Amino acid sequence: MIIELDDVDDPRLADYTSLTDVALRRRLETERGLYMAESSKVIVRAVEAGHAPRSFLMAPRWYDELRPVIAAATGCQGRDDGGGVPVFIAPEPLLESITGFHLHRGALAAMNRPALPSVGELLASARGGAGARRVAVLEDLVDHTNVGAAFRSAAALGIDAVLVTPHCADPLYRRSVRVSMGTVFQVPWTRIDHWPALDELHAGGFTVAALALSEDSVSLGEFSASPACSGADSRVAVVLGTEGDGLAPRTIAAADAVVRIPMAGAVDSLNVAAAAAVAFWELRVRS
């Protein structure tokens with residue numbers, strides 16, 4: 001249904017208000033079982049992934065462009081008014097008052113969070129049911145930008161699934177989704193209940209590689225040439241640690257291998273998102 005707005009305090013907009021308050025959004029989005037899809041491109045990818053919208057919010061000039069997306073998202077063939085799903089239309093100054101920022105990427109959509117699979121289900125169902133061969137584990141990343149960037153690299157560089165630890169930033173938080181360009185909807189992922197717990201990865205035949213600076217580490221190139229990576233049916237899970245401190249000592253101790261990216265120019269390490277891209281490319285399946 002099309003709803004034209006003229007009041008910033010309209011109670012139907014509760015999902016959208018105070019979007020710039022990070023702490024509030026983290027709590028409210030989890031409590032309400034929703035996430036924000038920002039921009040027409042991200043909304044399209046969310047809809048293509050089968051995620052269900054709660055509502056849309058946009059300026060009038062974006063409505064015509066998004067009509068097919070609204071129809072596809074709501075299952076209303078032949079209708080582009082959202083059916084029973086609210087499509088809020090408001091002048092751009094009012095939108096900025098509601099959201100706390102200038103909405104210049106087309107639209108927002110409040111989407112229902114999908115249920116997350118278990119680790120075992122995720123690993124088995126990846127690659128269209130053929131099972132994952134390359135997995136990334138994000139340990140306690142706190143920056144949503146880094147989470148989104150890691151997912152974008154995962155989608156582009158052949159990572160079949162992503163696991164995030166209990167304290168890792170939310171992949172479906174608005175900034176994570178935006179930075180990933182919606183690829184968080186392409187790469188299967190789930191949250192691990194306990195960490196480090198490598199039993200399910202080992203049961204699936206994965207070699208777990210911790211990306212860390214360590215005296216006993218091997219270079220990324222050396223590891224990628226080893227049978228663990230180059231075998232015909234190799235399965236590798238690469239673990240990347242939090243910004244600043246890196247991986248926890250207990251994680252490094254539990255891993256099957258400790259791997260480093262060789263550095264030059266007196267640089268000791270890379271940002272975790274950059275390190276993820278390098279590791280994903282080097283450890284890709286090549287056959």
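Note that this is a predicted model, so its numbers are computed, not measured. By convention here, the first residue in the shown sequence is residue 1.
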Side chains of [X] and [Y]: closer than 4.5 Å at any heavy-atom pair?
X	Y	answer
E65	S40	yes
L34	N112	no
F151	S176	no

Enter the distance from [X]:[atom1] to [Y]:[atom2] here, rounded to the nearest 0.5 Å.
X	Y	atom1	atom2	value
S55	L13	OG	CG	8.0 Å
R286	S224	CZ	OG	5.0 Å
T165	H194	OG1	NE2	13.0 Å
F88	D15	CZ	CG	8.5 Å
I43	M36	CD1	CE	10.5 Å
F185	L172	CZ	CG	6.0 Å

- Message: Which residue in the set R174, H51, R113 passes side chain to side chain donor-acceptor pair (under 3.5 Å) when paired with Y35?
- Response: H51
- Task: Considering only NZ, NE, NH1 and NH2 on the basic side and carboxylate oxygens on the acidic side, decide whether D193 and R191 come within less than 4.0 Å.
- Result: no
- Test: E38 and R175 ion pair at under 4.0 Å: no
- Residues clustering with V239 (ILVMFWY side chains joined when closer than 4.5 Å, directly or via others): V119, L122, L123, V135, V137, L163, I192, W195, L198, L201, F206, V208, L247, I252, V258
- Item | Side-chain donor-acceptor contact under 3.5 Å, E139 with T242 | no
- Regarding T207 and D256, is there a side-chain donor-to-acceptor distance under 3.5 Å anywhere? no
- Nearest heavy atoms of N271 and A273, plus distance in Å: OD1-N, 2.8 Å
- Exercise: identify the closest heavy-atom pair between Y173 and H144: CB-CD2, 3.3 Å
- Kindly say whether M181 contributes a backbone atom to a donor-acceptor pair with the side chain of R45 at under 3.5 angstrom? yes
- Verify, without hydrogens or angle tests, whether T183 (side chain) and Q186 (backbone) share a donor-acceptor contact under 3.5 angstrom. no
- Show your reasoning for whether side-chain contact (heavy atoms from CB on, under 4.5 Å) applies to L270 and M263. CA-CA 9 Å; L270 296 173; M263 297 284 113; 3.8 Å; yes
- Message: Would V87 and I70 count as a side-chain contact (heavy atoms from CB on, under 4.5 Å) here? Give the steps.
- Response: CA-CA 8 Å; V87 179; I70 293 168; 4.1 Å; yes
